[in-house]
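Here is the structure we will look at.
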Protein chains: 2
Amino acid sequence: MKNDIQQTLSDHNLKATDARKFLLETISIEKRPVDAQSLIEIMQKKLGVDRVTIFRILNTLTAHGILRRLEFQEGKARYEISSDDHHHLICENCGAIEDIPDTMVPKIEKEIARDHDFLIKRHTLEFFGLCKNCQKRVKFKD
Amino acid sequence: MKNDIQQTLSDHNLKATDARKFLLETISIEKRPVDAQSLIEIMQKKLGVDRVTIFRILNTLTAHGILRRLEFQEGKARYEISSDDHHHLICENCGAIEDIPDTMVPKIEKEIARDHDFLIKRHTLEFFGLCKNCQKRVKFKD
DNA sequence: TTAGGTGCAAATGATTTGCAATAAT
DNA sequence: ATTATTGCAAATCATTTGCACCTAA
């Protein structure tokens, strides 16, 4: 009996190496998208995996659509398990990230396809601002 | 009589140096968001400006809201003059970038502010896919 | 067994930092 | 005259590449 992760990998004809399994487990557990550096720190301790391997795994899994690569204007990428389309509310003060479902964009995309004759394959929609808690604490809101 | 660019800079208490004026002119002329490297190549020839200066100008002008920093998942930033909110249709084949007006997101933002108690300060919405021309030419559309 | 993965060293590309020299107001 | 801005050299950070060795299927 294969578990979810093993199954996912074998579905994509990817070898189920320790590094890949551990990386997928770690990302699954994290509630917010993680950057390569976090994974490197965790996996270097636990498994002795080289940083290069982690970048390679992230690329492979992203290419296979198992992971989704995100950019929050930090000069580095973050990754999350691919799941239903959703967006992120990113607090610029504490870094909290909340997921919100994607309800409007599919509609917009149809209009765009029609009006601009553009074939949309993917999109990114992120909101930056202050979460509930930080609104109380931060003085300069604008 | 100050021109637009000089006026903008002085409004922000920024000195109107040749490098800044030239950079703003160049970005104004470009129809699509430019990356630092393009500016470096242009400005190094024309004015002999150092690359570091260009990065610093981009940071300063972005901090003052004169420019807007964009990330199209290329591992580098692009910049455009801050203007009305709009989004981009980015062709993954030829790199063409088309602007489209932002009509829906303001509505969405109100709902989010209400439902999630999140203070939105800015957002990014980009669509990736194939432009009209490339749809005809590219074989593997998915 | 064997194609696909990984480690290590070194390279690349984008962007930043420190400090002394320089120019805009 | 002052303070902001620039140039130059060197550093940092994220990510990639080449190649020999290793291992999951």
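Each chain gets a letter, A, B and so on, in the order the sequences are listed, and its residues count up from 1.
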For this session: Would you mind reading off the distance between A/E71 atom CD and C/dT15 atom P, rounded to a whole angstrom?
Result: 11 Å
For this session: Go through the structure and list residues passing side chain to side chain donor-acceptor pair (under 3.5 Å) with B/R56, not counting sequence neighbours.
Result: none
For this session: Answer yes or no on whether A/R69 is positioned over the face of A/Y79, meaning its NZ or CZ is under 6.0 Å from the six-membered ring centre and within 45° of the axis.
Result: no
For this session: Using a heavy-atom cut-off of under 4.0 Å over every strand shown, decide if A/K76 touches base, sugar-phosphate, or nothing.
Result: sugar-phosphate
For this session: Please check if the side chain of A/T53 supplies one atom and the backbone of A/V49 the other of a donor-acceptor pair under 3.5 Å.
Result: no
Problem set entry | Residue pair B/C131 / B/N93, side-chain heavy-atom distance below 4.5 Å | no
Exercise. For B/E25, what residues pass the side chain to side chain donor-acceptor pair (under 3.5 Å) criterion, not counting sequence neighbours?
Worked result: none
Exercise. Do you know the tightest heavy-atom contact between A/H86 and A/I100?
Worked result: CB-O, 3.1 Å
Exercise. For the base of C/dA23, is there a side-chain donor-acceptor partner from B/K15 under 3.5 Å away?
Worked result: no
For this session: For the pair A/F127 and A/H87, name the ring-plane relationship: parallel under 30°, tilted 30 to 60°, perpendicular over 60°.
Result: perpendicular
Exercise. Got a sec? Which of residues 17-24 of chain A come in under 4.0 Å of DNA chain C, heavy atoms?
Worked result: A/T17, A/A19, A/R20
For this session: Could you list all the ring pair (Phe, Tyr, Trp, His ring centres under 6.0 Å) pairs where at least one residue sits in residues 34-56 of chain B, not counting sequence neighbours?
Result: none
Seminar exercise, completed: Between its two end axes (five pairs each) the helix from C/dT1-D/dA25 to C/dT25-D/dA1 turns, nearest 10 degrees, through 40°
Exercise. Atom CD of A/E74 and atom C1' of C/dT16: how far apart are they, to the nearest Å?
Worked result: 17 Å
Problem set entry | Residues that B/R32 engages under side chain to side chain donor-acceptor pair (under 3.5 Å), provided they are two or more places apart | none
Problem set entry | Proximity to DNA chain D (any heavy atom under 4.0 Å), residues of residues 35-46 of chain A only | A/A36
For this session: With sequence neighbours excluded, give me every ring pair (Phe, Tyr, Trp, His ring centres under 6.0 Å) pair touching residues 3-43 of chain A.
Result: A/H12-A/H64
Problem set entry | Span of DNA chain D, from the first to the last nucleotide whose atoms fall under 4.0 Å of chain B heavy atoms | D/dT3 to D/dA9
Exercise. How about A/L14 and A/I66: do any of their side-chain heavy atoms sit closer than 4.5 Å?
Worked result: yes
Seminar exercise, completed: Sequence neighbours excluded, the answer for salt bridge (charged side-chain N to carboxylate O under 4.0 Å, His left out) partners of B/R68 is B/E80, B/D85
Exercise. Looking at DNA chain D, which of residues 47-70 of chain A put a heavy atom within less than 4.0 Å of it?
Worked result: A/R51, A/V52, A/F55, A/R56, A/N59
Seminar exercise, completed: Contacts of B/K132 meeting salt bridge (charged side-chain N to carboxylate O under 4.0 Å, His left out) (sequence neighbours excluded), chain-then-number -> none
For this session: Report yes or no: do A/Q7 and A/D11 form a side-chain donor-acceptor pair below 3.5 Å?
Result: yes
Exercise. Between A/H116 and B/E98, is any side-chain donor less than 3.5 angstrom from a side-chain acceptor?
Worked result: yes
